[in-house]
Amino acid sequence: MRILVTGGAGFIGSNYVRTLLSGTGETRVTVVDKLTYAGNRANLPIGHPRLDFVRGDICDQPLLRDLLPGHDAVVHFAAESHVDRSIDGAAQFAITNVVGTQSLLDACLHTGVGPIVHVSTDEVYGSIAEGAWTEDRPLLPNSPYAASKAGSDLLARSYHRTHGLDVRVTRCSNNYGPYQYVEKLIPLFVTRLLRGETVPLYGDGRNVREWLHVDDHCRAIDLVRRDGRPGEIYNIGGGDELTNREMTERLLELVGADWSAVRHVTDRKGHDLRYSVDDTKIRTELGYRPRVSLRQGLADVVAWYRDNTSWWESPAA
Ligand code: NAD
């Protein structure tokens with residue numbers, strides 16, 4: 001079995017690759033990653049006998065057509081992933097997330113390689129005050145990031161409906177875990193608190209997010225790759241909903257700091273109030289269950305950033 005992973009040097013992709021290479025399995029992995037600011041070779045076991053790393057852009061059609069033959073599956077993580085950056089400038093989000101995904105789908109179609117797992121996000125649904133989204137809910141993305149992910153998500157669906165390409169889409173809630181670039185809430189807050197600095201909490205901190213450990217997300221993605229159905233969409237949730245204020249409280253406690261370390265800053269433009277997915281489908285069809293409790297996962301992640309300062313203090317991280 002040989003799997004091509006796009007964006008495999010990023011946070012979730014590298015976790016997925018390490019999982020595929022762990023143990024004595026036979027799975028070979030090719031990572032294609034542009035190594036933007038968010039990608040880092042140090043996230044991967046470079047030199048592993050079953051890993052090939054290619055620095056490349058998913059918009060590069062000849063490269064993809066050259067690389068894909070001989071692979072049995074594709075897992076597509078590569079994206080611009082930070083909402084705040086998409087508010088400052090959306091062009092690269094449209095290029096990578098929309099055009100890049102279309103380029104990958106075309107290359108898979110041309111070379112006959114599949115299945116393709118397209119890693120989408122719960123943010124494509126927009127914001128929900130109560131209840132939880134099922135997979136058939138309309139896409140109403142609010143940020144340029146979410147809109148570009150919705151575009152790629154719909155392109156993935158269209159390649160299945162139009163061409164019969166075996167594409168499966170996952171829509172996951174917020175991830176946390178080791179190797180997450182320090183711009184996102186948990187690593188940003190943890191690393192700043194570890195340095196004795198203040199942390200910037202948006203608005204009144206009442207925005208609600210559903211958190212999932214990256215290990216659980218990667219297990220779910222692999223279930224979809226192995227046993228999911230072509231053309232289907234699978235929500236993936238963690239079930240742990242917290243306001244950003246509650247998350248801040250937990251991180252302060254774990255690092256041993258108090259509220260004097262928190263600065264309230266002007267809220268993010270168009271900040272979605274709440275995300276929540278109903279993931280009954282993947283639980284009943286594929287037997288998915290998250291295994292990492294938020295309490296244990298957060299304690300582990302704080303310990304990881306404390307023990308790996310060279311990773312987050314180095315320029316490449
Ligand atoms: P990340 O920003 O940490 O990593 C993205 C990776 O993609 C980086 O290694 C980067 O170098 C690479 N990349 C960017 N543009 C590329 C291009 N044109 N060609 C090749 N590689 C390119 O992102 P992440 O948090 O690991 O997210 C991975 C995927 O999961 C994304 O598609 C994201 O939308 C989705 N997702 C993330 C979360 C989350 O909480 N982080 C939740 C749900 C879904």
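Counting convention: from 1, in listed order, for ligands and their atoms alike.
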Self-check item: Side chain to side chain, Met247 and Arg209, heavy atoms closer than 4.5 Å
Solution: no

Quiz item: To the nearest 0.5 Å, what is the distance between CG (Asn142) and NE2 (His271)?
Solution: 11.0 Å

Quiz item: Arg50 side chain to Leu21 main-chain N or O, any donor-acceptor pair under 3.5 Å?
Solution: yes

Exercise. Cation-pi check, Arg245 to Trp259: give yes when NZ or CZ is under 6.0 Å from the six-membered ring centre and within 45° of the ring axis, no otherwise.
Key: yes

Quiz item: Just heavy atoms, cut-off under 4.0 Å: does Ser120 contact ligand 1 by side chain, backbone, both, or neither?
Solution: backbone

Quiz item: Among protein heavy atoms, which sits nearest to atom 26 (O) of ligand 1, and what does the distance come to when rounded to 0.1 Å?
Solution: Ile12 N, 2.8 Å

Quiz item: For atom 19 (N) of ligand 1, which protein heavy atom lies nearest, and how many Å away is it?
Solution: Ile58 N, 3.0 Å

Quiz item: In terms of heavy-atom contacts, does CZ of Arg157 have more than 12 from other residues, nucleotides or ligands at under 6.0 Å?
Solution: no

Quiz item: Does Ser173 approach ligand 1 within less than 4.0 angstrom via side chain, backbone, both or neither, non-hydrogen atoms only?
Solution: backbone

Quiz item: In terms of atom number and element, which parts of ligand 1 are under 4.0 angstrom from non-hydrogen atoms of Phe77?
Solution: 28 (C), 29 (C), 31 (C), 32 (O)

Quiz item: What are the atoms of ligand 1, with element, lying closer than 4.0 Å to any heavy atom of Asp57?
Solution: 17 (C), 18 (N), 19 (N)

Quiz item: In the protein, what heavy atom is nearest to atom 4 (O) of ligand 1, and what distance, to one decimal place, separates them?
Solution: Gly10 CA, 3.5 Å

Quiz item: Would Ala9 count as a contact of ligand 1 if the rule is a heavy atom under 4.0 Å away?
Solution: yes

Quiz item: For ligand 1, which atoms sit closer than 4.0 Å to a heavy atom of Phe11?
Solution: 3 (O), 25 (O), 26 (O)

Exercise. Check Tyr275 against ligand 1 and report side chain, backbone, both or neither, counting heavy atoms closer than 4.0 Å.
Key: neither

Practice problem: Would you mind checking which non-hydrogen protein atom is closest to atom 21 (N) of ligand 1, with the distance to 0.1 Å? | Solution: Lys34 N, 3.1 Å

Quiz prompt | Pair Trp304 and Tyr179, ring centroids less than 6.0 Å apart | solution = yes

Quiz prompt | ligand 1 atoms in contact with Ser81 (distance to a heavy atom under 4.0 Å) | solution = 1 (P), 2 (O), 23 (O)

Quiz prompt | Arg171, portion touching ligand 1 at heavy-atom distance under 4.0 Å | solution = neither

Quiz item: For Val32 and ligand 1, does the shortest N/O to N/O distance drop below 3.5 Å?
Solution: no

Self-check item: Ile95 and ligand 1 - part of the residue with a heavy-atom distance under 4.0 Å
Solution: neither

Exercise. Please determine if His76 has a nitrogen or oxygen closer than 3.5 Å to a nitrogen or oxygen of ligand 1.
Key: no

Quiz prompt | Protein heavy-atom partner closest to atom 9 (O) of ligand 1 - residue, atom, separation in Å | solution = Asp33 OD2, 2.6 Å

Self-check item: Heavy-atom donor-acceptor pair, Lys149 side chain to Pro141 backbone, under 3.5 Å
Solution: no

Quiz prompt | Within-cut-off N or O pair, Glu80 and ligand 1, under 3.5 Å | solution = no

Practice problem: Using a strict 4.0 Å cut-off to heavy atoms of Leu35, name the atoms of ligand 1 that fall inside it. | Solution: 11 (O)

Exercise. Number the atoms of ligand 1 from 1 as they appear, then name those within less than 4.0 Å of a heavy atom of Gly56, with their elements.
Key: 19 (N), 20 (C)

Quiz item: What about Tyr145 and His82, are their ring centers closer than 6.0 Å?
Solution: no

Quiz item: Any idea which of Gly7, Gly100, Ala79 brings a heavy atom closest to atom 5 (C) of ligand 1?
Solution: Ala79

Quiz item: For ligand 1, is any non-hydrogen atom under 4.0 Å from Thr96's backbone (N, CA, C, O), its side chain (CB onward), both, or neither?
Solution: side chain

Practice problem: Mark yes or no: Arg225 above the aromatic ring of Tyr16, with NZ or CZ under 6.0 Å from the six-membered ring centre and no more than 45 degrees from the axis. | Solution: no

Exercise. Using a strict 4.0 Å cut-off to heavy atoms of Ala78, name the atoms of ligand 1 that fall inside it.
Key: 7 (O), 20 (C), 21 (N), 22 (C)

Self-check item: Residue of the set Asp106, Val113, Leu105 for which side-chain contact (heavy atoms from CB on, under 4.5 Å) holds with Leu165
Solution: Leu105

Practice problem: List the closest protein heavy-atom neighbour of atom 32 (O) of ligand 1: residue, atom name, distance to the nearest 0.1 Å. | Solution: Lys149 NZ, 2.6 Å

Practice problem: Distance to 0.1 Å, residue and atom name: give those for the protein heavy atom nearest to atom 34 (O) of ligand 1. | Solution: Tyr145 OH, 2.6 Å

Exercise. Among all protein heavy atoms, pick the one closest to atom 35 (C) of ligand 1 and tell me residue, atom and distance.
Key: Val119 CG1, 4.0 Å

Quiz item: Looking at CG of Leu44 and OG of Ser14, how far apart are the two atoms once the value is rounded to the nearest 0.5 Å?
Solution: 5.5 Å

Self-check item: Parallel, tilted or perpendicular, as decided by the 30° and 60° cut-offs, for the rings of Trp311 and Tyr305
Solution: perpendicular

Quiz item: Do His71 side-chain atoms and Ala73 backbone N/O form a donor-acceptor pair below 3.5 Å?
Solution: no

Self-check item: Under 4.0 Å to a heavy atom of Asn174 - the qualifying atoms of ligand 1, by number
Solution: 40 (O)

Self-check item: NZ or CZ of Arg229 within 45° of Tyr234 ring axis and under 6.0 Å
Solution: no

